[in-house]
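Written below as structure tokens is the structure these notes are about.
All chains are named by letter (A, B, ...) in the order of the sequence lines, taking the proteins before the strands, and each is independently numbered beginning at 1. Atom set for the values below is all heavy atoms of this structure, side chains included, hydrogens, waters and symmetry mates excluded.
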Protein chains: 2
Amino acid sequence: MTIVERKERQRAERYELILATARELAEAEGWDAVTTRRLAALIDYSQPVLYSHFKGKAEIMAAVATRGFKELAARLEAETANATGDTDTLRNVCAAYLDFARSRPVVYEAMFVLPTKIKFASEETPPALRAAFAAFVTALGPHRQESVFLAEVLWSALHGMVVLMQSERIPAIGDEDRLNILVRKFGNDDV
Amino acid sequence: MTIVERKERQRAERYELILATARELAEAEGWDAVTTRRLAALIDYSQPVLYSHFKGKAEIMAAVATRGFKELAARLEAETANATGDTDTLRNVCAAYLDFARSRPVVYEAMFVLPTKIKFASEETPPALRAAFAAFVTALGPHRQESVFLAEVLWSALHGMVVLMQSERIPAIGDEDRLNILVRKFGNDDV
DNA sequence: GCAATTAATCTAGCGATGCTAGAATAGGGC
DNA sequence: GCCCTATTCTAGCATCGCTAGATTAATTGC
């Protein structure tokens, strides 16, 4: 069985190599530059090898996105876990979300912008994605009415800020100010 | 000169035909289906004719987007103009924005989602786009601190709701509830 | 250790895409 | 009616995602 194991391990390594290379190429030149030919050349294999791991380019991007969900969830949960009960938890979670988007713009794009087959807000939703959303609900504090809708609106605002900034539709400067406003508006002093 | 005039008029008509056809095809099957070949076939001309009007597909989409800015600005200004001073102005403007996105999803996509050469928040920004943004500032009411940043955050929230809904990342139901929350949070009772 | 079988990988190609150079065709001016 | 100019089309390029079939490598059976 050890031969089979070795093969499986090598396949798994190549799977990871494809994902890492796709992400790096996207980070360097954008998703449009991630063509199956370039990706194959970068991993020193021919095109069809990609299709033995993934059904197509979209599935590669979905896999990169799934990794992103895990990282995002970890970052957000780190903030809610450390929550000392002070009122800064909401701000910290929002800041962590914006930081993630800033540090991994193309992964963010695959997760939340580009067409994806990943199901949101359904039973098939990946656990990491649910966890990330749950962090918003937690950060908004307990005992609030319509907390799911509230979290959706907060997330919408953050997402809007991210994509409008990334596409240069709102200025990069003002970042901090906008976060301040958002936290003030969604803080726990109910209006 | 009458012959030249006729030619110019025919060219202008064909320009409009291209834009209308591109929009209709996008509305029917999405922007991916708007290929230069299909578009040319639909207007009963060959491909290169498109390039005598536009530099490329991106420019056609930008032209459709520009028309969209005008329509959006008109819709939003209709709400701020009718403002009787009551507190519903903000809600009406937000609702008008969401309605526009709902009624013209692909135009909205060209305006605010897809990569575009149209400059936002700069001196080259089209007047209609400025007017639309100004409507948000107005709707938020006078004498408010950081009114531009505030408007940017409001717009971000609305945009986030639109794109996350259109890409099925937040559920279609809850629409009304989310609007209620947003208006409550951004209402003029400063916190 | 060698042949036969199976698995892995590659070459080559299909039907599209956006875009364009050069040929063909129309139209207006004299 | 002829010529010239402007318009439009035909045909093709490079590239895209993806795949069938040939080819090579690895594994198994003897």
Side-chain angles (χ1 to χ4, degrees), chain A residues 1-19 21-23 25-26 28-65 106 109-110 114-118, chain B residues 1-19 21-23 25-26 28-65 106 109-110 114-118:
Chain A
M1 273 300 190
T2 169
I3 281 180
V4 171
E5 283 173 12
R6 192 208 64 210
K7 286 199 174 183
E8 283 173 356
R9 196 193 62 231
Q10 286 176 340
R11 259 192 81 81
E13 282 170 6
R14 198 172 57 181
Y15 178 95
E16 294 301 322
L17 179 61
I18 292 170
L19 286 193
T21 308
R23 182 176 53 73
L25 181 53
E29 305 184 34
W31 282 112
D32 281 351
V34 183
T35 69
T36 55
R37 282 176 179 79
R38 285 194 69 180
L39 190 49
L42 283 171
I43 64 168
D44 291 320
Y45 280 97
S46 68
Q47 263 183 309
V49 165
L50 300 175
Y51 293 86
S52 78
H53 287 279
F54 304 93
K55 275 197 291 186
K57 181 183 171 181
E59 197 167 296
I60 296 175
M61 294 170 66
V64 172
V106 301
E109 196 182 355
L114 299 174
T116 179
K117 285 169 188 168
I118 295 170
Chain B
M1 274 297 190
T2 170
I3 280 179
V4 171
E5 282 174 11
R6 193 208 64 212
K7 285 198 174 183
E8 282 173 358
R9 195 192 63 232
Q10 285 176 340
R11 258 192 82 81
E13 282 170 5
R14 198 171 58 180
Y15 178 95
E16 294 301 322
L17 179 61
I18 292 170
L19 286 192
T21 307
R23 182 175 53 74
L25 181 53
E29 304 184 37
W31 282 112
D32 280 351
V34 182
T35 69
T36 55
R37 282 176 179 78
R38 284 194 69 181
L39 190 49
L42 284 171
I43 64 167
D44 291 320
Y45 280 98
S46 68
Q47 263 183 308
V49 164
L50 300 176
Y51 293 85
S52 77
H53 287 279
F54 303 94
K55 274 197 291 185
K57 182 182 170 181
E59 196 167 296
I60 296 175
M61 293 170 68
V64 172
V106 300
E109 197 182 356
L114 299 174
T116 178
K117 286 169 189 170
I118 295 170

Any side-chain N or O of B/Arg14 less than 4.0 Å from the OP1 or OP2 oxygen of D/dT8? yes

Where is the tightest heavy-atom contact between A/Arg23 and A/Val106, given as atom of each residue plus distance? O-CG2, 4.2 Å

Which listed nucleotide (C/dT17, D/dC9, D/dT19) is nearest to the side chain of B/Tyr45? D/dC9

Taking only side-chain N and O atoms of A/Ser46, does any of them lie within less than 4.0 angstrom of OP1 or OP2 on C/dT9? no

Separation of D/dA6 atom P from B/Gln10 atom CD, nearest Å, is 17 Å

The nucleotide from C/dG18, D/dC18, C/dT9 with an atom nearest the side chain of B/Thr35 is C/dG18

Consider side-chain contact (heavy atoms from CB on, under 4.5 Å). Of A/Val34, A/Ile60, A/Leu39, which one does A/Thr21 pass it with? A/Leu39

Starting at atom CZ of B/Arg37, determine the distance to atom P of D/dC9, rounded to an integer number of angstrom. 15 Å

Take atom CZ of B/Arg38 and atom P of C/dG18, then tell me their distance rounded to the nearest Å. 11 Å

Taking for each residue the nucleotide of DNA chain D with the nearest heavy atom, is it A/Ala33 or A/Pro48 whose nucleotide lies nearer the 5' end? A/Ala33

Protein-nucleotide distance (B/Asp44, atom CG; D/dT8, atom P), rounded to Å: 13 Å

Measure the distance from CG on B/Leu50 to P on C/dC19 and round it to the nearest whole Å. 10 Å

Determine: side-chain N/O of B/Thr36 to OP1/OP2 of C/dG18, distance under 4.0 Å, yes or no. yes

Please evaluate the base of C/dC19 for a donor-acceptor partner in the side chain of B/Gln47 within a cut-off of under 3.5 Å? yes

Side chain of B/Lys57 only, heavy atoms from C-beta on: which candidate in C/dC19, D/dT10, C/dT9 is closest? C/dC19

For A/Glu59 and A/Phe54, which heavy atoms make the closest approach, and how far apart are they? OE2-CA, 3.6 Å

Quickly work out the B/Asp32 CG to D/dC16 P distance and round it to whole Å. 16 Å

If I compare all heavy atoms of A/Ala22 with all of A/Trp31, which pair ends up nearest, and what's the gap? O-CZ3, 4.2 Å

Heavy-atom pair with the smallest gap, counting every atom of B/Ser52 and B/Arg11: O-NH2, 2.7 Å

For atom OH of B/Tyr51 and atom C1' of D/dT7, their distance in whole Å: 18 Å

